[in-house]
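Throughout, protein chains are lettered first and strands after them, A, B, ... in sequence-line order, and every chain is numbered starting at 1. What you see below is based on every heavy atom in this structure, not just the backbone, and it leaves out hydrogens, waters and symmetry mates.
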2 protein chains.
Amino acid sequence: MPATIRDVARASGVHISTVSRAFSAPQLVNPETRSKVLETAEKLGYRPNRAARALITGRTHNIGLIVADIANPFFPPLIKAAEREARHRDYHVFVADSNEDPAVEEELVRALAKQVDGILLVSPRLANSIIEGLSREAALVVVNRQVPGLPSVVMDVSQGARSAIEHLAELGHRSIGYLGGPRGSWTNREIRRAATAAARTLGGPGDPVEVTALGPNAPTGDGGLIAAEQVHRAGFTAVLAYNDLMAIGLIEGLATLGVRVPQDVSVVGIDDIALSRLTRPGLTTVANPTAAAGRAAVDMLLQHGDDRRTTGQITLATELVIRDSTGPGPQGNADPG
Amino acid sequence: MPATIRDVARASGVHISTVSRAFSAPQLVNPETRSKVLETAEKLGYRPNRAARALITGRTHNIGLIVADIANPFFPPLIKAAEREARHRDYHVFVADSNEDPAVEEELVRALAKQVDGILLVSPRLANSIIEGLSREAALVVVNRQVPGLPSVVMDVSQGARSAIEHLAELGHRSIGYLGGPRGSWTNREIRRAATAAARTLGGPGDPVEVTALGPNAPTGDGGLIAAEQVHRAGFTAVLAYNDLMAIGLIEGLATLGVRVPQDVSVVGIDDIALSRLTRPGLTTVANPTAAAGRAAVDMLLQHGDDRRTTGQITLATELVIRDSTGPGPQGNADPG
DNA sequence: CTGAAAGCGCTAACAT
DNA sequence: ATGTTAGCGCTTTCAG
């Protein structure tokens, strides 16, 4: 049986409200009384019960973090950074995994809403209208997506996709595939759009750069592996993948088909997960500042306190990291068979 | 302002205790009354406030999960499985990252203790005596370690290490290095001990198998990378690493030194993280059932309710997965068992 | 600066 | 089967 505020009050000879103040409003209590109280509290191993405190203050000092798939290496650095940032502000984090299922995602928000001061929705698969509805049940910050009227943190995938296509075009590639991710992904749409748009501004007259989209695919190594044959048949000389996992799976699949990377086909990923510098060939990829995004999201959530309709949008820069999976394209050949 | 039990009571014309029972003791209430209550509750979007409930029942329906490093790919599958299992039992999970720091770990247990019904301590770096002390503040289940008197879930790393050494010995390796993990790791000690013991039972008379331990090292890709030169100088023909990450880092480091795997040196990892079948060469490794461990740990924690001194110990089998990072040793024995 | 009293939302005896 | 009452541990007026 843990010590309660009453035990501390009795042991230090003051009223419970004084003990309460010693913890939550130090300036309202005599320094001597305060230190005496804190000392007894320490001795008894007393810690204020947050549930009781929450009941009256309305603030739980907890936040929720909902991700599509904890096991996808994109998320852990973000989770880690968010948890760390939250803890430094004396918040605890509920982590929940929707398993890529929008319905589960929605239910998780509802289930967590009462227990937290706000929820971070990372890479949500939900429709905008539903997210807007949910934002009335809990303060929401959306990561990796933009929803009108809601605070969000995104990484600049458009710019990243553009850099990737520019890099490939400079290497001489003219027929580029975009290996798309899951249906309903905001990021997927942004990448496709930006990559296609970038292609139009590149290449000379009579020497167009073409980007062709494939998908949807599962955003996993297997998703890339399975797509290898399709990529091979399509005859692209370079491929941009929705994420690193798919890119690595693709490279693996291509190897099985006797296609070498980067000699025969160049491959670019997105994310720069830890793994990407450990594979061979090292993966050329668009680095996403996931840890910074996690911190920024917690920041936004906690900064604005109770005011749920902040519309702040943060965009974090991405950066192309060139490793060994990209190389020169076919010279003087705009459209290889 | 979310609906409270009082709103539901008023709207459905019953007393609040009836509403309470409709949710937490359905058999005590008239089915018709119950369905009417649930209907109004649904309409008002009412959800019982868990903090208020916890205050009186003493059960929060939350559990804590403390890991050394969320970003280490060993943990996410375990976290994911534990969270899923917990949610199916209507529990939410606080995830916290100790950053490999025992002091942080201890503080996390203390901070979480009041808010949860129990805590899963995964790969704890804390001394036994401290863990035992903490077990008085919260129900604890220890994963990846055994602590006298506490329930625990471990994967059979001893058997795994033995299989690995046997595999290498059969391939003809006689001088094997063990690339150790972090200081204070229970798993590290177990592996070292089992590998050394296995070596003694192998090899013929006048043909001993030797296992030499190196370390401690950081349990990361960099840890393995940095150790490559030391491994090379020591002249081992095969190496068992504390985990896959280190094994992959080691392979990378050896490649830099012009040492080929498996032609010049064989490497075996432990864990079978997702990454290990995506690298080249594919990593031979001891597969750890991390997801099963996560589920089992939640199971143990919730099964025993309030009785904190269960001493159940679960050991989950491991399995050697042979891929391409191991090959014949200097004796040229190409075809094992 | 400290104490007294009320009450957050809910459950658990105890009545009826 | 339902209502009444007390109170979980804490914060927050309001007095003094």
Side-chain angles (χ1 to χ4, degrees), chain A residues 1-38 40-41 44-62 90 111-117 137 306, chain B residues 1-38 40-41 44-62 90 111-117 137-138 305-306:
Chain A
M1 55 219 131
T4 78
I5 198 173
R6 242 172 285 268
D7 299 326
V8 178
R10 202 173 310 124
S12 45
V14 298
H15 194 263
I16 61 163
S17 46
T18 301
V19 177
S20 173
R21 282 188 278 256
F23 281 94
S24 35
Q27 70 286 10
L28 295 184
V29 63
N30 184 310
E32 290 178 27
T33 318
R34 175 169 142 82
S35 54
K36 186 180 60 188
V37 167
L38 294 186
T40 9
L44 297 180
Y46 169 75
R47 299 244 183 171
N49 180 325
R50 285 179 180 230
R53 182 180 278 180
L55 207 50
I56 184 157
T57 62
R59 330 214 72 236
T60 61
H61 266 246
N62 293 149
D90 197 25
L112 246 24
K114 293 281 214 330
Q115 288 194 82
V116 300
D117 294 341
E137 309 201 19
D306 295 284
Chain B
M1 53 221 132
T4 79
I5 198 173
R6 241 171 286 267
D7 300 325
V8 178
R10 201 174 310 123
S12 45
V14 297
H15 194 265
I16 61 162
S17 47
T18 302
V19 177
S20 172
R21 282 188 280 254
F23 281 94
S24 35
Q27 70 286 11
L28 293 185
V29 64
N30 184 311
E32 290 177 27
T33 319
R34 178 171 139 82
S35 55
K36 186 179 61 188
V37 168
L38 293 186
T40 7
L44 298 180
Y46 169 75
R47 299 246 183 170
N49 180 323
R50 287 181 179 229
R53 183 180 276 180
L55 207 49
I56 184 158
T57 63
R59 331 214 72 234
T60 61
H61 267 245
N62 293 150
D90 196 26
L112 246 25
K114 292 283 214 327
Q115 286 195 82
V116 300
D117 294 340
E137 308 201 19
D306 296 283

Given atom CG of B:Leu55 and atom C1' of D:dT11, what is their separation to the nearest angstrom?
12 Å
Counting only heavy atoms and a strict 4.0 angstrom limit, can you tell me which residues of residues 5-15 of chain B come near DNA chain D?
B:Val14, B:His15
From CD1 of A:Ile16 over to P of D:dC8, roughly how many Å is that when rounded to an integer?
10 Å
Is it true that, when you exclude B:Gln27 itself, more than 12 heavy atoms of the residues, nucleotides or ligands shown sit nearer than 6.0 Å to its CD?
yes
Quick check on DNA chain D: between B:Ile56 and B:Ser17, whose nearest nucleotide comes earlier from the 5' end?
B:Ser17
Considering all heavy atoms of both residues, which atom of A:Tyr46 and which atom of A:Ala3 are nearest to each other, and what is their separation?
CD1-O, 3.3 Å
Strand-adjacent residues in residues 18-36 of chain A, judged by heavy atoms under 4.0 Å from DNA chain D:
A:Ser20, A:Arg21, A:Ser24
Closest non-hydrogen atom pair between A:Ala22 and A:Val37, with its separation
CB-CG1, 3.8 Å
Closest approach of B:Asp90 to B:His61 (non-hydrogen atoms, all atoms of both residues)
O-ND1, 2.8 Å
Shortest non-hydrogen contact from A:Thr33 to A:Val29?
CB-CG2, 4.1 Å
Which two nucleotides bound the region of DNA chain C that has atoms under 4.0 Å from heavy atoms of chain A, read 5' to 3'?
C:dC1 to C:dG9
Could you tell me whether B:Thr57 contacts a base, only the sugar-phosphate backbone, or nothing, with contacts defined as non-hydrogen atoms closer than 4.0 Å?
sugar-phosphate
Which heavy-atom pair separates A:Lys36 from A:Val14 by the least distance, and what is that distance?
NZ-CG1, 4.4 Å
Using only atom types and a distance under 3.5 Å, with no angle test, would you say the side chain of B:Ser20 pairs donor to acceptor with the backbone of B:Ile16?
no
Please name the pair of heavy atoms, one in A:Lys114 and one in B:Arg47, separated by the smallest distance, quoted to 0.1 Å.
NZ-O, 3.2 Å
Check: A:Thr40 side chain, A:Val8 main-chain N or O, donor-acceptor pair, under 3.5 Å
no
Measure the spacing between CZ of B:Arg6 and NE2 of B:His15 and express it to the nearest 0.5 Å.
8.5 Å
Measuring only between side-chain heavy atoms, which start at C-beta, is B:Leu55 closer than 4.5 Å to A:Asn49?
yes
Between D:dC10 atom C1' and A:His61 atom NE2, what is the distance in whole Å?
14 Å
